Undergrad: 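Handing you a structure now.
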Amino acid sequence: MHKNSLLVFAGSMRQQSFNRRLAHATAAIARDTGAEVTLLELSDFDIPMYNADLEAQGTPADVVRLKQILWEHPAWIICSPEYNGSYTALLKNTIDWASSPVNGNPEWQDGTKPFRGKVVGMLSASNGGLGGLRSQSHLAPLLVNLECWLAPKAFALGQASTAFDEAGALVQPAHRERVRAVVDQVLWASARLKAA
């Protein structure tokens, strides 16, 4: 693990998702700070809906791969869409699998291992005025329960349909600055937590 290693992902697989766009823009902003960034696409993982009976037959290989990636990165940025005032089923399912112990595997018998001590910054985007803010308020206690550290700074991007240029970058300097502030705080806190 590198102290400036940042994982960025969105809780959506939709091709034109505002939050996937925000994740890509955030990764570019973070790389400009000198961070080592991994942009994770949840669509690259074959992870079924969580079912304890299915798990009893053997944890899917892509779940173990996801656990490893989460564990390797001390700092995360999650771009959380808002569905019905909360985070997405995709994001919850991903977290449920990633936090489930793998029986018979000494490396992953501890379900919170991929999450414990991670510094997480929350972003969201929507076309509404609140920018998906309510998804963050529901996601926060879930992450704290898994022993993540949450960055106090967060950003919810409203009117997202006009917020990105054709290349996928954020148009307004103020929006870029808000994202950069979250990135900076997550990396700052992660480095100090690891040093402690």
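Since the structure is predicted, the reported quantities are computational estimates derived from the model, not experimental observations.
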Undergrad: State plainly whether one hydrophobic cluster holds both Ile77 and Leu143, where clusters connect Ile, Leu, Val, Met, Phe, Trp and Tyr through side-chain heavy atoms under 4.5 angstrom apart.
TA: no
Undergrad: Taking the side chain as everything from C-beta on, heavy atoms only, tell me whether Leu66 gets closer than 4.5 Å to Ile47.
TA: yes
Undergrad: Between Lys118 (side chain only) and Trp71 (backbone N and O only), is there a donor and an acceptor less than 3.5 Å apart?
TA: yes
Undergrad: Any heavy-atom pair between the side chains of Ser100 and Tyr50 that's under 4.5 Å?
TA: yes
Undergrad: Does Leu142 share a hydrophobic cluster with Val119, counting links as ILVMFWY side-chain heavy atoms below 4.5 Å and allowing steps through other members?
TA: no
Undergrad: Counting only N and O atoms by type, is there a donor-acceptor contact under 3.5 Å from the side chain of Ser17 to the main-chain atoms of Ser12?
TA: no
Undergrad: Side chain to side chain donor-acceptor pair (under 3.5 Å): which pairs involve residues 134-152, sequence neighbours left out?
TA: Ser80-Ser135, Glu82-Arg134, Ser86-His138, Arg116-Glu147, Ser124-Gln136
Undergrad: Which pair of non-hydrogen atoms, one from Gly121 and one from Val182, has the smallest distance, and what is that distance?
TA: CA-CG1, 4.0 Å
Undergrad: Just checking, is any N or O donor in the side chain of Ser161 or Asn127 under 3.5 Å from an acceptor N or O on the other one?
TA: yes
Undergrad: Just checking Phe115 against Trp76, ring centres under 6.0 Å apart?
TA: yes
Undergrad: Only counting residues at least two apart or in another chain, list the ones meeting salt bridge (charged side-chain N to carboxylate O under 4.0 Å, His left out) with Arg178.
TA: none
Undergrad: State yes or no: do Leu70 and Leu193 share one hydrophobic cluster built from I, L, V, M, F, W and Y residues joined by side-chain heavy-atom distances below 4.5 Å, directly or via other members?
TA: no
Undergrad: Among Ser5, Ser190, Pro114, exactly one meets side chain to side chain contact (heavy atoms under 4.5 Å, CB included) together with His73. Which residue is that?
TA: Ser5
Undergrad: Ala30 and Val183: which non-hydrogen atoms are nearest, and at how many Å?
TA: CB-CG1, 3.8 Å
Undergrad: Is any side-chain heavy atom of Ser99 closer than 4.5 Å to a side-chain heavy atom of Trp97?
TA: no
Undergrad: Under a 4.5 Å cut-off applied to non-hydrogen side-chain atoms, are Pro60 and Pro48 in contact?
TA: yes
Undergrad: Restricting to non-hydrogen atoms, name the atom on Val37 and the atom on Ala27 that form the minimum distance, rounded to 0.1 Å.
TA: CG1-CB, 3.8 Å
Undergrad: For residues Gln16 and Arg21, determine if any side-chain heavy atom of one lies less than 4.5 Å from a side-chain heavy atom of the other.
TA: yes
Undergrad: Which residue is it: Val102, Asn103, Asn105? I am looking for the one with a side chain to side chain contact (heavy atoms under 4.5 Å, CB included) to Thr59.
TA: Val102
Undergrad: Considering only residues two or more places apart or on different chains, which pairs with a residue in residues 85-103 satisfy salt bridge (charged side-chain N to carboxylate O under 4.0 Å, His left out)?
TA: Lys92-Asp96
Undergrad: To the nearest 0.5 angstrom, please state how far the CZ atom of Arg31 sits from the OG1 atom of Thr26.
TA: 11.0 Å
Undergrad: Should Phe155 and Val8 be counted in the same cluster of Ile, Leu, Val, Met, Phe, Trp and Tyr side chains packed under 4.5 Å apart?
TA: yes
Undergrad: Could you measure the distance from the CD atom of Glu107 to the CD atom of Gln68? Nearest 0.5 Å is fine.
TA: 5.5 Å
Undergrad: Shortest non-hydrogen contact from Ala23 to Leu39?
TA: O-CD1, 3.8 Å
Undergrad: Roughly how far, to the nearest 0.5 Å, is CE of Met13 from CG of Leu42?
TA: 7.0 Å
Undergrad: Kindly work out whether a path of hydrophobic side-chain contacts (I/L/V/M/F/W/Y, heavy atoms less than 4.5 Å apart) joins Ile29 to Leu40.
TA: no
Undergrad: For the NZ atom of Lys153 and the CG atom of Leu123, what is their distance to the nearest 0.5 Å?
TA: 12.5 Å
Undergrad: Which heavy atom of Arg20 sits nearest to which heavy atom of Arg14, and what is that distance?
TA: CD-O, 3.2 Å
Undergrad: Identify the two heavy atoms, one from Ile78 and one from Leu139, that lie closest to each other, and give their separation to 0.1 Å.
TA: CG2-CD2, 4.0 Å
Undergrad: Any heavy-atom pair between the side chains of Phe9 and Asn19 that's under 4.5 Å?
TA: no
